[in-house]
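Quick note: numbers below take in every heavy atom, side chains included, and nothing from hydrogens, waters or symmetry partners. The sequence lines fix the lettering, A, B, ..., with proteins before strands; numbering per chain opens at 1.
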There are 2 protein chains.
Amino acid sequence: MNLKPNGRIWIDTDQGAFMGYGRIELLEKIQQTGSLRKASIEMEMSYQKSWKLVTQMNIRAGEPIVSLKKGGKNGGIAQLTPFGEKAILSFKEFDHAFQQFLKSYKPNLE
Amino acid sequence: MNLKPNGRIWIDTDQGAFMGYGRIELLEKIQQTGSLRKASIEMEMSYQKSWKLVTQMNIRAGEPIVSLKKGGKNGGIAQLTPFGEKAILSFKEFDHAFQQFLKSYKPNLE
DNA sequence: TTGCGTTATACTTTAAGTTAGATAACGCAA
DNA sequence: TTGCGTTATCTAACTTAAAGTATAACGCAA
């Protein structure tokens, strides 16, 4: 039978989801590439969707998570703000605690 | 800003999801009505979908959660097995612990 | 044997979300 | 001033999960 407790967590705001597994992965790829387009390709996600996610995060957080600039030397740049970096760390900590919770829980059905 | 930790949990098997919020609600409505059709109407869910959910649960649990019988006095009957009742209680306990976890967690971002 | 309300199942249609494709705007560097 | 690669945005096409529609099978009761 092999019953396995599972789940997922995220952070909401009044306007909707703010931070979750997909967004975290996207932010990390932005951090690595410096480009929203490259990050979306690595995520195998359309540019439109990742742009929407980032823009939503920026609005919902009240303070920019990612700084987006178009034009210039390399065509443009996408960069995490210090606040964005803090947000990643905070969510990862939350998820770590949740994974511990999941691991510790034993369903009593046999 | 009002950041609110949120999440959901469920129970998986090797064949896929076995128990979660929607299924629990469906099981409780079956318990109350004795009918899969009436339960689906109360859930505002198509009969086909609820039938599929119940059938999957029965298969994935290895042991019936809901007993389905067609024909007879009232056209047919849907009834939780004792094992099904235990499954409900077990999941609710799991969820209670999870809600406690969520409530206790304070994100450190301000 | 007929009617009833349910379970059981196939097929079609709808709706929502996602992606694709195209194009404008931008600003540095050559 | 031109070219480049990116951000930004619109519209159309596609995909897929869900619901709708229809019908068969069942077994008790009248």
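- Note: OH (Y47(A)) to P (dA22(C)) measures 18 Å, nearest angstrom.
- Heavy-atom distances to DNA chain D give each of G71(A) and Q48(A) a nearest nucleotide, and the one nearer the 5′ end belongs to G71(A).
- Taking atom CD on E44(B) and atom P on dG20(D), their separation rounds to 11 Å, with Å as the unit.
- In this entry dC28(D) has dG3(C) as its Watson-Crick or G-U wobble partner, both defining distances falling under 3.5 Å.
- Taking a cutoff of 4.0 Å between a charged side-chain nitrogen and a carboxylate oxygen, E28(A) and R23(A) do not qualify as a salt bridge.
- For W51(A), a side-chain nitrogen or oxygen approaches OP1 or OP2 of dA8(D) to under 4.0 Å.
- Between F94(A) and Y105(B), the two ring planes are parallel [angle under 30°; tilted spans 30° to 60°].
- Distance K49(A) NZ to dC14(D) P: 20 Å, rounded to the nearest Å.
- Judged by the 6.0 Å and 45° rule, R37(A) forms a cation-pi pair with Y47(A).
- Between K70(A) and dA8(D), a side-chain N or O to OP1/OP2 separation shorter than 4.0 Å is absent.
- Along DNA chain C, the nucleotide nearest S46(A) and the nucleotide nearest G75(A) are compared for position; the residue whose nucleotide lies closer to the 5' end is S46(A).
- The main-chain N or O of I65(A) is found under 3.5 Å from a side-chain atom of N58(A) such that the two form a donor-acceptor pair.
- Distance, N58(B) CG to dT7(C) P: 13 Å, rounded to whole Å.
- Rounded to an integer number of Å, the gap from CD1 of I41(A) to C1' of dG5(D) is 11 Å.
- As a whole-Å value, the separation of K52(B) NZ from dA19(D) C1' is 13 Å.
- Checking dT12(C) for Watson-Crick or G-U wobble geometry (two distances, each under 3.5 Å) identifies dA19(D) as its partner.
- The residue among N74(A) and R37(A) whose nearest nucleotide of DNA chain C lies closer to the 5′ end is R37(A).
- In terms of position on DNA chain D, the residue among K73(A) and S35(A) whose nearest nucleotide sits closer to the 5' end is K73(A).
- Computed from coordinates, the L36(A) CG to dC26(C) P distance equals 18 Å when rounded to whole Å.
- Using a 4.0 Å heavy-atom distance criterion, K38(B) is classed as a sugar-phosphate-only contact.
- Nucleotide dA18(D) holds its C1' atom 12 Å from the CG atom of L53(B), rounded to whole Å.
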